[in-house]
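Since the structure comes first, as structure tokens, the remarks are kept for the end.
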Amino acid sequence: MSQDAFSLLHSGVQRAIYEMGWKEIREVQQEAIRTVYQTDNHLLVCAQTAGGKTEAAFLPVISKLADAPKDSVQAIYVGPLKALINDQFRRLEDLCEHLEIPVHRWHGDVPGNQKKRLRENPGGILLITPESLESNFVNFGADVPRVYRHVSFVVIDEMHSFLGNERGIHLRSLLARLGAITETKPRIIGLSATLAEPEEAAIYIDPDAPDTVTALEAASAQREVKFGVKTYLESPSWKPGPPPGPEALQALAETLAAGFRAGDFDWKQEQGEILDSDYADERETGNDSTTLLATDLIKAFGKETNLIFGDSKALLESLLNNVNQQTTSASGAHAFVIHHGSLSRSQREEIETRLKSGQPTTAFCSSTLEMGIDIGNVRAVGQINPPWTVASMVQRLGRSGRRAGVPAIMRVFTQENTPSTRAGLSGLLYPNILRAVALTRLMVRKWVEPFDNRQLHLSTMVQQLMSCLKQTGGMQAGALFETLCSKGPFRNIDAGLFATTLRSLGEKEIIEQMPGGDLILALEGERLANELDFYAAFMGSEEWTLRHRNEDLGQLPSSAIPPVGGGLMLGGRSWRVEEIVENSQLVYVIPGKGKDAAPAFRGQGSEVHSRVVREMKTVLEDDDEPAFLDEAGRGLLAAARTFARESGLLDDGCLCGGGEIIWFPWRGTRCLTTLKLMADACDIKAADDALSIRFKAKSTEDLQALLDKDFTAESLAKRLPVKTREKHDELLSEELLITARAADQIDLDEAQDALMELALSFRGESSGKLDDPGA
DNA sequence: GACCTGCTGCGGATTG
């Protein structure tokens, strides 16, 4: 078999394989070679990092190129990160060394003369980012056909990072525009480690003919996984000694549940009372739970190389600070470091080098280290609080146990507040533990969130529209619609919506119409298209640089910068602001001595999928004791189950009391948002937390209005307080924004489904009417 | 109730 595929390759490629001392060509690589040589199909290759994906794509591609050199770029590799492109560039250069196939790279850090050389003498393989490809259209539109006309392959690396988001739609549009000028339709090869649904990836690769995509999956070696969840209980007003035992938690759960069953429970007051009297004498004992957590992290991650993920940069900074305070006295201490997107490039590169060197290092990190650079031997992965998606959990777990025979290790550390805080009713269900268990179950079952293909991506379409006009100098509206919508990736935008968008852009002086009918960029559009920021479809925040002497430390949003004299933690060190230079957006700092707080990085929340929330309900209904959960966690889970069962929460999902109805629909973020807006439209005050919605209503009869009223997704989206989300949303009329938000924030079907379910549970039959359970 | 990614060409002055 192996001879088969190998013999298809160009003799020069065969020689290169010998010279590099390869012992075998892997199965997935052989199949890729056969697919490229014996069919005309696109290709989707799924394999672990270091599973030979890149070679699977490039062995046959290079071989084809060596057979027929042309005077334009012949293959494009698109990568999401500059660092990844640099890595692959080196590998490809080695492979192509004796084949006379030029290898070029183009991204923001590549010197101008190299880019110029490619433009003057195009050929071979080009490694590029989506944004740099965009810059080719914008700045050398007239040259694009000459430079790219013989492109016959497009390789998309880390493809999962492009699915279902603005950057991916942007890339898809660029590739569609490219395909319009190449002499033959380029074949696309997608590479990914984790793909939820290969069918959807196939639609991304070729929306007109997804069945022409051959999916190859590398047989992954069976690997051992060690996985555990450890729990910490904390309260701002209470410094824990030993956590409350199972009996105390059960008693608390039962008391609270009894109150809710009676229907006249003032939970805000009662909660405070119960916990204050129970735990008052524990207050004097010193450590807070963050310190306990830091101590455990030192124990678990104090040797070899590890990654500890967290979903908040501020939390990571404070944990590192805590860890450092506990380890400074130890001689020859194992290094704990930090890596996230607000630290300067040089700081991050230093950490990356250290991690790759094998020198024992543990990095606190955000999703910056979730993909991309290959850190050799990660022994174990830590996760502070469960992530928000299964996809993220899978990706992070996959960073350890990469060597054969070595287990992948993940330790999740969850923090829960004691119910004395005003965490809302959801707090009584210990939602972090529930989510940790639910995500783990779904991960084991190999379920991953599908991506959302209902979105309109109007903002990205506007960016591409401006790019087309900049490239060509002017186009007819019909040609634009064909390029972007009917033949491009913006298929959810129909002719009517497209026309409305053009009018909106005309009103804002982004575009104007010439007497001959051509649309061109107007003054404001020209200005936007000339900005450096134009090349990316996603929104970048305006940030200030933090500098100590000549060293850049990182970037912060202006809102997170303390006044002169104020202090902050960044990169695990304490700093004091000495001078702020407004013009150049520079903040000069000197080392501080204090125990400062990390800056308030202000992020956006995002969606939890309904499937995850439903699984959380199932976890409450079941009574297994997950083996991966520690004793404290099992105690809290048991208490949450007791409360859920005895309060009636699992029967109909509703609790009534104090003039309020608290409803757990067990659905995801989008459904909760929709239900809240429906209540708003019916003049019922509503607020939501992680899992539930609180209605200001006396009886469930009041909620009948939500089922009776005729809603449209648009009528609900209209009620959103903030309607701009994406980069060019400000260029769209209110009417268009409502249409966009109706598509990406509202799920009317699911909300009505949830309401019907609620109605049925009260009736016990299919009447679709809400009866008051208290009546 | 969070995170991440990316990014001109050109002309003129200076240096070896």
Side-chain angles (χ1 to χ4, degrees), chain A residues 78-85 106-116 119-120 128-141 143 157-158 160-163 165-168 170-171 174 309-317 339-343 345 348 364-373 383-389 391-393 395-396 415 417 423-424 426-427 431-432 435 460 463 467 470 528-543 555 557 598 600-608 612-613 668-669 672-673 687-691 727:
Chain A
V78 184
L81 303 171
K82 291 187 284 191
L84 193 59
I85 286 176
W106 187 317
H107 58 64
D109 299 342
V110 172
N113 59 345
Q114 289 182 29
K115 297 173 180 169
K116 201 171 169 193
R119 287 205 311 278
E120 286 169 355
I128 196 166
T129 59
E131 289 70 23
S132 284
L133 193 54
E134 173 70 83
S135 79
N136 275 246
F137 280 100
V138 169
N139 297 316
F140 317 104
D143 292 332
D157 204 358
E158 302 279 8
H160 59 272
S161 73
F162 292 114
L163 296 180
N165 59 42
E166 286 167 281
R167 204 177 182 202
H170 181 206
L171 174 60
L174 294 171
F309 289 95
D311 286 331
S312 139
K313 289 181 278 192
L315 174 66
L316 293 170
E317 288 279 355
H339 188 285
H340 58 67
S342 296
L343 297 172
R345 176 135 292 275
R348 281 193 273 170
F364 285 94
C365 56
S366 59
S367 40
T368 37
L369 292 181
E370 197 172 287
M371 64 171 192
I373 64 150
Q383 169 72 45
I384 311 297
N385 290 324
W388 297 100
T389 62
S392 195
M393 197 179 232
Q395 191 76 26
R396 291 171 182 188
Q415 294 175 303
N417 290 312
S426 297
N432 280 345
R435 195 167 81 250
T460 309
Q463 191 266 356
S467 168
K470 179 88 182 165
L528 285 172
N530 283 330
E531 280 184 350
L532 196 59
D533 190 44
F534 182 71
Y535 304 105
F538 55 84
M539 188 136 53
S541 57
E542 197 186 337
E543 291 190 321
Q555 304 84 37
F601 302 99
R602 207 193 43 177
Q604 294 176 20
S606 87
E607 288 189 24
V608 178
V612 174
V613 186
T669 315
L672 287 192
T673 304
D688 61 339
D689 63 15
L691 296 172
K727 190 167 179 178

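A note on names: the letters A, B, ... follow the listed sequences, proteins ahead of strands, and every chain is numbered from 1.
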Interatomic distance, A:Gln395 CD vs B:dC3 P [rounded to whole Å] = 18 Å
Rounded to whole angstrom units, what separation is found between the CZ atom of A:Phe538 and the P atom of B:dG6?
-> 7 Å
In terms of side-chain heavy atoms of A:Trp388, which of B:dG1, B:dT5, B:dC3 is nearest?
-> B:dG1
Which whole-number value in Å describes the distance from A:Leu343 CG to B:dT5 C1'?
-> 16 Å
Residues two or more places apart in sequence or in another chain: which of them pass salt bridge (Lys or Arg N to Asp or Glu O under 4.0 Å) with A:Lys115?
-> none
Rounded to the Å, how far apart are A:His170 NE2 and B:dC7 P?
-> 11 Å
To the nearest Å, give me how far apart CD (A:Gln555) and C1' (B:dC3) are.
-> 15 Å
Sequence neighbours excluded, which residues qualify as side chain to side chain donor-acceptor pair (under 3.5 Å) partners of A:Thr129?
-> A:Ser132
Tell me whether the OP1 or OP2 atom of B:dT5 has a side-chain N or O from A:Arg348 closer than 4.0 Å.
-> yes
Protein-nucleotide distance (A:Asn385, atom CG; B:dC3, atom P), rounded to Å = 13 Å
Any side-chain N or O of A:Ser366 less than 4.0 Å from the OP1 or OP2 oxygen of B:dC4?
-> yes
With sequence neighbours left out, what residues match A:Pro387 under side chain to side chain contact (heavy atoms under 4.5 Å, CB included)?
-> A:Asp311, A:Gln383, A:Ser392, A:Met393, A:Arg396, A:Leu439
Any side-chain donor near an acceptor of the partner, A:Glu166 and A:Gln463, under 3.5 Å = no
Stepwise, does the side chain to side chain contact (heavy atoms under 4.5 Å, CB included) test hold for A:Val613 with A:Leu672?
-> CA-CA 11 Å; A:Val613 186; A:Leu672 287 192; over 6 Å; no
Scan nucleotides 8-16 of chain B nucleotide by nucleotide, 5' to 3', and note B when protein non-hydrogen atoms come under 4.0 Å of the base, S if they reach only the sugar-phosphate, - if neither.
-> BS-------
Euclidean distance, atom CD of residue A:Gln463 to atom P of B:dC7 [Å, nearest integer] = 14 Å
Starting at CD of A:Glu166 and ending at P of B:dC4, how long is that distance when rounded to a whole Å?
-> 16 Å
Kindly point out which of B:dC7, B:dG1, B:dC3 is positioned nearest to the side chain of A:Thr129?
-> B:dC7
By salt bridge (Lys or Arg N to Asp or Glu O under 4.0 Å), A:Glu120 pairs with (sequence neighbours left out) none
With sequence neighbours excluded, tell me which residues meet ring-ring contact (aromatic ring centres under 6.0 Å, His included) with A:His107.
-> none
